[in-house]
Trainee: 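Just passing along the structure, written as C-alpha cells.
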Amino acid sequence: MPRGMSRRTVLAGTATAAAAAVVSGGALSGAAQAAPAAAPADVPKLPNGTSRNKVLVVGMDGLRHDRIAAAKAPTFKSLIARGTFATSLLYSPPTAQTSSGPGWSTVSTGVWPDKHGVVDNSFQGKNYAQYPGFLARLREVKPELSTFAAIDWKPLDAEGTVTAGASAKLVLDGDADGYVGHDATIARAAESILRDQNPDVCFVYFGQSDIVGHNSGAMSPKYLEQIDLMDGYVGRMLAAITSRKTYGRERWTILLTTDHGHADAGGHGGPSIEERRVFTIAQGPGIPAGAKPVNGRHVDTVATVFHALGITPKPEWGLDGHPLQRPFADGFDASYPLLKPAVDETGTPQEVLGFTHTPAGGWTIDNSRMPKTGGVEEWRGWTLTTDEFWTRADRAQGREAFTRGRGVIAVADPDEWDDKGNPSKGIEFDSTLVSPAYRVARKTSVTLTYASHYVQDGTQRGDVLVSFDGAADHLVKHYAADAKNTVEKLTVPVPKGARTVRVKFRMRDARNSWYWAVDNVQVG
C-alpha cells in the first residue's frame, strides 16, 4: 500500500465507462475514439522518440486480479481475451512484505527482493545500483529512447524505484493531496503524451486502487467501481495510441500489472494467498493471444519490455524474469493437467489444484523406502504441486520464499506428511524423484542446473545423484544445511562411453522435519 500500512479515508470516485481495446496482428485496433481531453498544464515535454517498437506499462496499486471478472472492465477483459494473462503469487515475510516498496521494486528491476534488497516500505537495503529500474537501464543501454514516468506515490520517485532514468516525469503526492485527483491528472497527462508526443516507453502508475482496498475491502462494490475507473483510464490511453498519425508504422506492447494483492476485508503485507496475488496482462507483437500461462512470475515485466524493444539482457544484469513473448515449460509443467484436488488437506478449497504422485514427461517417483501407510496423502514422498497448493498447507513457514520455482514444482515435505501421523515406527520419510534419461553421448562433462529451496531440520538429508546408463548412483550434491531459493549449477563428469544420465533427488532420514522443493531441472 502507499505509505507504510496506514489507511486512508479518501474513497474512489464513480466509475466511468471504459473503451474496449483490441490487439490484432501485434497492433492495437478497434479502440473507441474518445474525444481528445484537454492536456493538464503541467504535461512535460519529451524528446522525440526514435523507435517504432514502443511500450506502455500501467501499474495499478493493490489490484486483485481475481476481482476483474466481477467488474465491468471491458478494456481489461479485452486485453485478457486477446493477449496473455499471467497470474502468480508473491513471496511473503520474512523474504519481503507484500507491500508496495518490494512489489514495485520487483516489477521495475526484474529481480526478486533477495537481489534488489527492498523488503518493506522503508526501502532500507535497496540495491538499485546493481539492479536498477528498467527506465534507468534503458538510459544506460539505449539513451536515444524517449521515456516517461508518471506516479503519485512519491517514494517511487524519491527512492529511485521507477522514475530514475526517465527522459521526463510527472511526480505528484497522493498521500498529501489524495489519490483520486492525482490519478485523474496522471491519466490526462499520459493520454496527451501518447496522442500528441512521440514517447518510446511509458510507465504510468495509479494509487487509488490500494486506498479503496484498505478502506472498503477487495470484495466491496467500491473496489469494483475503482477497477472500472482505472479500466476507463487505460481505455482512453489505448484510444490515444490508436489515434496517432504514425500508429500504422508502430509496434506497441501494452503491459498492466500490480505490486501486491489485498485481503478480502482490506489490507496486505502478510502471507495470505489474497495478499500475495499479482498478475501481468500483456498484449502486443509476439505475445500469445488468449494465453494463461501457469508459470508466469512477477519479475517477467522487465524481460518482456526488453524483448519488445529488441534488447537482449546481459548475463551480468542478473534478471530473474522471462519474456512473455517466448512461452516455455520445464519438465514439471507437463504435469499440470494431472493435478488433483486436496484429499487430507481439508483447509484447501476443492477448486484449488493440486497435487500428483504420477508426474508426466518421463519423471518418476520411487517411494519403495516409504512407509506403506500413514501420513498426509498429498505429501507422501515427492509431490508435483503448485505454489498456491503447497503454501496453503502451512503458510508463513518459508515455503513462499521459493520464488525461483515456476508453475508446477516438485516438493518433498516430511513436515506436512507427518501431520497425520506415521504408524510405521522407526521408518522415516525416504523418497526419490527420478528424471528421464538425458543424452550425454560424446560429452566429457555436462552442467546440471536446477532451482532449489532446501530447509534443514533434524536428521533429514537431501542428496542429488546421477546414474549413467543405469549404473550405480553417484552423489554430486549433498544438503545438510539450509540452502534457500537458489539456482544450482553443477558440473558433472561423464564417464567414457556413457550415452545417457538420469538425475535423482533423494530426501531421506526425515521424520517431522522440514522440506525441499525443486524446479526447472536441465542437463546440458
Side-chain angles (χ1 to χ4, degrees), residues 1-6 44 55-63 90-91 95-141 145 147-176 179 182-183 186 190 201-211 255-261 268-269 278 280 297-306 313 317-321 403:
M1 84 179 262
R3 200 170 182 178
M5 297 303 296
S6 62
V55 179
L56 169 63
V57 180
V58 181
M60 295 163 285
D61 207 294
L63 177 58
L90 290 175
Y91 37 74
T95 299
Q97 292 181 1
T98 49
S99 56
S100 291
W104 291 120
S105 295
T106 300
V107 169
S108 185
T109 63
V111 301
W112 293 110
D114 60 352
K115 290 182 179 178
H116 64 62
V118 180
V119 300
D120 54 33
N121 282 357
S122 74
F123 290 87
Q124 292 181 7
K126 65 182 180 182
N127 189 18
Y128 298 153
Q130 185 174 0
Y131 301 104
F134 70 93
L135 294 181
R137 185 71 79 183
L138 290 176
R139 177 63 56 205
E140 171 191 327
V141 298
L145 293 179
T147 61
F148 171 65
I151 58 97
D152 52 6
W153 188 46
K154 288 192 71 176
L156 296 180
D157 175 63
E159 300 291 344
T161 310
V162 169
T163 60
S167 306
K169 63 185 180 182
L170 175 60
V171 178
L172 305 173
D173 191 345
D175 280 350
Y179 286 89
H182 283 334
D183 279 3
I186 286 173
V201 182
C202 297
F203 179 89
V204 179
Y205 165 93
F206 298 115
Q208 178 63 12
S209 42
D210 185 62
I211 305 304
L255 296 165
L256 312 183
T257 191
T258 192
D259 54 340
H260 55 73
H268 57 84
V278 288
T280 303
R297 294 298 267 169
H298 202 218
V299 289
D300 291 342
T301 297
V302 170
T304 304
V305 170
F306 288 160
W317 294 357
L319 295 186
D320 290 322
T403 56

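Treat the numbers as computed from the prediction; the structure is a model and nothing was measured. Values below: every heavy atom of this structure, side chains too, minus hydrogens, waters and symmetry copies.
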Trainee: Could you pull out the closest heavy-atom pair between Val204 and Ala190, with the gap in Å?
Mentor: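 Heavy-atom minimum between the residues: CG2-CB, 3.8 Å.
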
Trainee: Report the relative orientation of the aromatic rings in Trp104 and Phe203; use parallel for angles under 30°, tilted for 30 to 60°, perpendicular for over 60°.
Mentor: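 Trp104 vs Phe203 ring planes: perpendicular.
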
Trainee: Answer yes or no: is there a donor N or O on one side and an acceptor on the other, between the side chain of Thr258 and the main chain of Val278, under 3.5 Å?
Mentor: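 Not a single qualifying donor-acceptor pair exists.
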
Trainee: Could you walk me through whether Leu256 and Met60 pass side-chain contact (heavy atoms from CB on, under 4.5 Å), step by step?
Mentor: CA-CA 8 Å; Leu256 312 183; Met60 295 163 285; 3.9 Å; yes

Trainee: Which value, rounded to the nearest 0.5 Å, describes the distance between Ser100 atom OG and Phe123 atom CZ?
Mentor: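 Reported to 0.5 Å precision, the distance equals 8.0 Å.
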
Trainee: Backbone N or O of Glu159 within a donor-acceptor pair of the Lys126 side chain at under 3.5 Å?
Mentor: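 Looks like yes, one N/O pair under 3.5 Å.
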
Trainee: Atom NZ of residue position Lys154 - does it have more than 12 heavy atoms of other residues, nucleotides or ligands inside 6.0 Å?
Mentor: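 No - once you tally the heavy atoms of other residues, nucleotides and ligands closer than 6.0 Å, there are 12 at most.
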
Trainee: I need the Ser167 OG to Leu135 CG distance, nearest 0.5 Å.
Mentor: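 Going from OG on Ser167 over to CG on Leu135, the span is 8.5 Å.
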
Trainee: Supply the atom-to-atom distance Leu170 CG to Ile186 CD1, rounded to the nearest 0.5 angstrom.
Mentor: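 Answer for the CG-CD1 pair, Leu170 versus Ile186, is 5.5 Å.
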
Trainee: For the atom pair OG1 (Thr257) and CG (Asp61), what is the distance rounded to the nearest 0.5 Å?
Mentor: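 So the gap between those two atoms works out to 11.0 Å.
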
Trainee: What I'd like to find out is whether the side chain of Ile151 reaches to under 4.5 Å of the side chain of Val171, using heavy atoms alone.
Mentor: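 With C-beta onward as the side chain, the pair touches.
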
Trainee: Is any side-chain heavy atom of Thr301 less than 4.5 Å from a side-chain heavy atom of Phe134?
Mentor: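 Answer no - side chains too far apart.
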
Trainee: Looking at every non-hydrogen atom in both residues, tell me the closest pair between Val162 and Ala149 and how far apart they are.
Mentor: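 Result for this residue pair: CG1-CB, 4.4 Å.
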
Trainee: Do you know which two heavy atoms are closest between Arg137 and Phe306, and how far apart they sit?
Mentor: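 Result for this residue pair: CG-CZ, 3.7 Å.
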
Trainee: Considering all heavy atoms of both residues, which atom of Arg139 and which atom of Gly165 are nearest to each other, and what is their separation?
Mentor: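 Heavy atoms only, the tightest pair is NE-O, 3.1 Å.
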
Trainee: Output the distance between atom CG (Asp114) and atom CG (Asn127), rounded to the nearest 0.5 Å.
Mentor: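 Result: 10.5 Å between the selected atoms.
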
Trainee: Check the pair Tyr179 / Asp210 against side-chain contact (heavy atoms from CB on, under 4.5 Å), numbers first and verdict last.
Mentor: CA-CA 10 Å; Tyr179 286 89; Asp210 185 62; over 6 Å; no

Trainee: Using modelled atom types and a 3.5 Å cut-off, is there a donor and acceptor pairing between side-chain atoms of Thr106 and backbone atoms of Trp112?
Mentor: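 Here the side-chain-to-backbone pair does not exist.
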
Trainee: Give a yes-or-no answer on whether the side chains of Ser99 and His260 include a donor-acceptor pair shorter than 3.5 Å.
Mentor: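 Looking only at side-chain atoms, His260 and Ser99 do not form any donor-acceptor pair under 3.5 Å.
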
Trainee: Side chain of Asp259, backbone of Gly101: donor and acceptor closer than 3.5 Å?
Mentor: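 Between the backbone of Gly101 and the side chain of Asp259 there is no qualifying donor-acceptor contact (under 3.5 Å).
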
Trainee: Out of curiosity, Thr109 OG1 to Lys115 NZ, how far, rounded to the nearest 0.5 Å?
Mentor: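 Separation between the atoms: 9.5 Å.
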
Trainee: Could you walk me through whether Phe206 and Leu63 pass side-chain contact (heavy atoms from CB on, under 4.5 Å), step by step?
Mentor: CA-CA 10 Å; Phe206 298 115; Leu63 177 58; over 6 Å; no

Trainee: What I want to check is whether the side chains of Thr161 and Tyr128 have a donor and an acceptor closer together than 3.5 Å.
Mentor: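 Their side chains do contain a donor-acceptor pair, which is all the 3.5 Å distance test asks for.
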
Trainee: For Arg297 and Thr280, test the side chains for any donor-to-acceptor distance below 3.5 angstrom and give the result as yes or no.
Mentor: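 There is no such pair between these side chains.
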
Trainee: Donor-acceptor pair, distance only, cut-off 3.5 Å: does the side chain of Asp152 make one with the backbone of Asp183?
Mentor: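 The answer is yes, because a donor-acceptor pair under 3.5 Å joins these two groups.
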
Trainee: Show the nearest heavy-atom pair for residues Gly110 and Val302, with the distance to one decimal.
Mentor: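 Gly110 and Val302 have their closest heavy atoms at N-CG2, 3.5 Å.
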
Trainee: Work out which heavy atom in Pro132 is nearest to a heavy atom in Ala136; give both atom names and the distance.
Mentor: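 Between these two residues, the closest heavy atoms are CB-CB, 3.9 Å.
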
